[in-house]
Amino acid sequence: MKLKFSKMHGLGNDFVVIDGVRQTVTLTADRLRQLGDRHLGIGFDQLLLVEAPQSQENDFRYRIFNNDGSEVEQCGNGARCFVKFVTEQRLSNKRAIRVETARGVIVPELGAGGLITVDMGAPRFAPLEIPFLAEGDAITHPLQVGDESIDITVVSMGNPHAVQVVSHVDTAPVGTQGPLIEHHSRFPERVNAGFMQIVGRSEIRLRVYERGAGETQACGTGACAAVVAGIRRGLLDSKVMVHTRGGQLQIEWQGNGQPVRMTGPAVTVFTGEIEV
Ligand SMILES: N[C@H](CCC[C@H](N)C(=O)O)C(=O)O
């Protein structure tokens with residue numbers, strides 16, 4: 001069976017996006033991994049599957065799969081590509097679209113100049129609402145990683161993030177510490193590992209070793225989690241420019257109970273079809 005797809009990216013975090021509204025799509029985890037393979041398949045960090053909503057109050061549902069085949073709760077860069085996709089594919093002509101994810105409804109909105117703003121919902125914190133074996137509800141937790149003890153702030157944007165502050169992202173041990181944090185025993189559902197350099201109270205640099213995908217050029221929920229972690233640590237103001245390896249995201253959070261708003265680009269590279 002042939003399957004139509006779009007190949008897209010948000011600041012270099014790349015996706016295969018599939019219309020599951022007008023196509024019947026059944027993909028096993030093995031087939032997902034093959035499609036995500038950058039030599040044997042199309043290649044992607046995540047695959048996004050667009051479906052009809054479960055509730056009539058919403059416009060769509062979208063499912064998110066890492067390239068290791070794991071299905072996850074949320075994807076920030078993916079949300080921007082999602083809204084560009086449904087608009088380009090004429091699946092919707094709305095500017096603000098209500099989309100169901102595995103962890104709540106988000107509202108991406110087409111803005112001026114090709115930028116897209118997404119209400120990513122309110123962050124949640126350890127120990128209550130994140131699969132993290134915490135000791136108390138402090139803002140930072142010590143975590144033994146290899147022979148080092150690091151201080152992390154744990155934030156959920158629907159998906160779990162462990163964020164640490166580093167002096168320089170370019171020399172941060174992302175490749176060595178990243179997988180150790182991702183698979184740390186205190187995160188029974190694994191975790192995304194953020195490495196944040198504070199440039200100023202409204203500017204950071206960020207690298208993220210993503211759960212189920214490794215280091216990516218950018219991570220939207222990681223940028224949201226890092227800004228929330230920095231604000232909770234008293235290091236950042238409410239509007240922050242986040243420099244990722246793939247480009248810039250604007251993140252805003254007005255504090256507890258408030259949603260995180262993310263603004264950034266989305267690009268369609270090509271469309272195609274593939275035998276599945
Ligand atoms: N790897 C993440 C999902 C993709 C998130 C990222 N690509 C983003 O833009 O938020 C996880 O397992 O929770």
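Just follow the structure's listing: the first ligand is 1, and inside any ligand the first atom is 1. Please read all numbers here as calculations on a predicted model, not as lab measurements.
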Has D59 got a side-chain atom pairing as donor or acceptor with R98's backbone, closer than 3.5 angstrom? yes
Run the numbers for me: atoms of ligand 1, each under 4.0 Å from some heavy atom of N66, listed by number. 1 (N), 2 (C), 3 (C), 11 (C), 12 (O)
Could you list which atoms of ligand 1 come closer than 4.0 Å to a heavy atom of G76? 8 (C), 9 (O), 10 (O)
Starting from atom 10 (O) of ligand 1, locate the nearest protein heavy atom and write down its residue, its atom name and how far away it is, to 0.1 Å. T221 OG1, 2.6 Å
With the side chain counted from C-beta on, respond yes when R22 and K4 share a heavy-atom pair under 4.5 Å apart, and no when they do not. no
Considering non-hydrogen atoms of the protein only, which is the closest contact for atom 9 (O) of ligand 1, and what is the distance? G220 N, 2.8 Å
Any nitrogen or oxygen of G78, side chain or backbone, less than 3.5 Å from one on ligand 1? no
Is Q74 close enough to touch ligand 1? Criterion: a residue heavy atom under 4.0 Å from a ligand atom. yes
Using heavy atoms and a threshold below 4.0 Å, how should the contact between N13 and ligand 1 be classified: side chain, backbone, both, or neither? side chain
Nearest protein heavy atom with distance in Å, relative to atom 1 (N) of ligand 1: E210 OE1, 2.7 Å
For the pair E182 (side chain) and G212 (backbone), establish whether a donor and an acceptor sit closer than 3.5 Å, ignoring hydrogens and angles. yes
How does C75 reach ligand 1, by side chain, by backbone, by both or by neither, if only non-hydrogen atoms under 4.0 Å count? both
Is it true that D14 and R38 make a salt bridge, defined as a side-chain N closer than 4.0 Å to a carboxylate O? yes
Among V166, D170, T244, which one satisfies side-chain contact (heavy atoms from CB on, under 4.5 Å) with R205? D170
Under 4.0 Å from a heavy atom of N77: give me the atoms of ligand 1 that qualify, with their elements. 8 (C), 9 (O)
Taking the side chain as every heavy atom from C-beta outward, state whether V260 and V227 have any pair of such atoms under 4.5 Å apart. no
Can you report which non-hydrogen protein atom sits closest to atom 2 (C) of ligand 1, along with the distance? N192 OD1, 3.3 Å
Whether G212 lies under 4.0 Å from ligand 1, heavy atom: no
Is the closest side-chain donor-acceptor distance between Q250 and Q248 under 3.5 Å? no
Between S70 and D68, do the side chains contain an N or O donor and an N or O acceptor separated by less than 3.5 Å? yes
From CA spacing to verdict: side-chain contact (heavy atoms from CB on, under 4.5 Å), F5, I42: CA-CA 10 Å; F5 67 88; I42 308 166; 3.7 Å; yes
Would you kindly specify which portion of V72 sits under 4.0 Å from ligand 1, judged on non-hydrogen atoms: side chain, backbone, both or neither? side chain
